[in-house]
Amino acid sequence: SAIQHALIQWYHQHQRVLPWRQPSVRRSAESMTHGQDSNTMAYAVWISEVMCQQTQISVVTDYFERWIAKWPTVQALAAAQLSDVHQAWAGLGYYSRATRLHEAAQYIVNQLDGSFPTVARLIFCWPPGVGPYTASAVASIVFAKRVGVVDGNVNRVLSRLGGIAVPLTQDAAKKWMWRQADTLADHAAPGQINQAMMELGALICTPKSPQCHACPLAEHC
DNA sequence: ATCCGGCCGG
DNA sequence: CCGGCCGGAT
C-alpha cells in the first residue's frame, strides 16, 4: 500500500543510528551459518527491546553496549551469575525483568537448544517475561514474520492515523490496534514497517506538538 | 507531584 | 481487567 511504501521510504532515510541496528551486531554473525546469524541478531534485538520497554533510548544505548560486551550470546548470559546480571542492570529499574532475562536465557539454552522461537505471539513457546510485544518484535525484525507490534508509540500513531470514531472499550481498542498493526506489517519487510511506526511515534508523531509537516503519512492522516 | 510503560499475577 | 513493578522525565 501507499502507507507501507511511505513508511519504508521514510524509515530508510530517517531512522536513528542505534547499536542494535548496527552492522557490529550482525558482523560477528555473518561469518557464521545462517541459523546462528539470525540467532545472534535475535539475542541482541531481544535484549534491546526489553531494555527499551522501560527506559529512554538515550539511556539504553550504553547499557546495551556494556551488556553485549559482557554477554555476547544467549549462552554467555545463561552461564552468568544472577548477581552480575543485576549489577549490569543497576539503574534501569524493574529488576524482576533482569531476573527473567537470565531465566529466559537458561530456558532458551536448555529447553530450546539455544535457538530463539521464530514464531510470534505464541507466548507459550517463548520464555517467561516475553509477551506479545517482544515476541512480535523479534519475530518480525529478525525472522521477517509478517506480524505487527503495538507499543505506546504505535498506539498513538495508529490512533491518529485511524481517527478512532467510535469510543472503544480498552479491550476492543487494543484488539483494533493489533489488527491494524498486523495489516500494516503484512509486507515483505515487516520489521522495517514495525520499526518505522515506532520511530515515527518517537520522532514525528509525538504526544505533544507532533511534526505533521515532516510526517510521511500526513496525507493519509 | 504525576505520569509513563510491557508483562504478570490476582 | 486492574494494579504493581521501578526509575526517568516533566
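Treat the numbers as computed from the prediction; the structure is a model and nothing was measured. By convention in this document, chain letters (A, B, ...) are assigned in the order of the sequence lines, proteins followed by strands, and residues within each chain are numbered from 1.
For A/Y133, the listed nucleotide lying nearest its side chain is B/dC7; candidates were B/dC8, C/dG7, B/dC7. Closest to the A/S96 side chain, of the nucleotides B/dC7, C/dC6, B/dC8, is C/dC6. Across C/dG7, B/dC8, C/dC1, the shortest atom-to-atom separation from the side chain of A/D171 is found for C/dC1. Of the listed nucleotides (C/dA9, B/dG9, B/dC7), B/dG9 has the atom at the smallest distance from the side chain of A/R100. Each of B/dC8, B/dG5, C/dC1 was ranked by its minimum atom distance to the side chain of A/Q54; first place goes to B/dG5. Relative to the side chain of A/V59, the nucleotides C/dA9, B/dC7, C/dC1 differ in distance, and C/dA9 lies closest.
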Evaluate the side chain to side chain contact (heavy atoms under 4.5 Å, CB included) criterion for residues A/D171 and A/K175: first the C-alpha distance (whole Å), next the side-chain angles of each, then the deciding distance (0.1 Å), finally the verdict.
-> CA-CA 6 Å; A/D171 204 37; A/K175 286 207 159 67; 3.6 Å; yes
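Applying the 4.0 Å criterion to OP1 and OP2 of B/dG5, one finds that A/R156 has every side-chain N and O outside that range. Between A/T134 and B/dC7 there is a side-chain N or O to OP1 or OP2 distance below 4.0 Å.
The nearest whole Å value for the distance from the CG atom in A/N155 to the P atom in B/dC4 is 12 Å. Straight-line distance from the OH atom of A/Y95 to the C1' atom of C/dG4: 17 Å, rounded to whole Å. As a whole-Å value, the separation of A/I57 CD1 from C/dG7 P is 20 Å. Taking atom CD on A/Q56 and atom C1' on B/dC4, their separation rounds to 11 Å, with Å as the unit. As a whole-Å value, the separation of A/Q53 CD from B/dC8 P is 10 Å. Distance, A/W89 CH2 to C/dG8 P: 13 Å, rounded to whole Å. In this structure, CE of A/M51 is placed 16 Å from C1' of C/dG8, rounded to the nearest angstrom.
Along DNA chain C, the nucleotide nearest to A/K208 and the one nearest to A/G91 differ in position, and the one closer to the 5' end is contacted by A/G91. Each of A/N153 and A/G129 was matched to the nucleotide of DNA chain B holding its nearest heavy atom; the match closer to the 5' end belongs to A/N153.
Here A/Q53 pairs with A/V50, A/R97, A/Y133, A/T134 under the side-chain contact (heavy atoms from CB on, under 4.5 Å) rule; sequence neighbours left out.
Under a cut-off of 6.0 angstrom, the local environment of CZ in A/R179 is sparse, with at most 12 non-hydrogen atoms contributed by other residues, nucleotides or ligands. By the 6.0 Å contact criterion, NE2 on A/H220 is enclosed, its count of non-hydrogen atoms from other residues, nucleotides or ligands being greater than 12.
Residue contacts shown for A/V130 are limited to sugar-phosphate atoms, with no base heavy atom under 4.0 Å away.
At a cut-off of 3.5 angstrom, the base of B/dG5 holds at least one donor-acceptor pair with the side chain of A/Y94.
Residue pairs meeting the side chain to side chain donor-acceptor pair (under 3.5 Å) criterion with at least one member in residues 147-161 of chain A, sequence neighbours excluded, are A/N153-A/R156.
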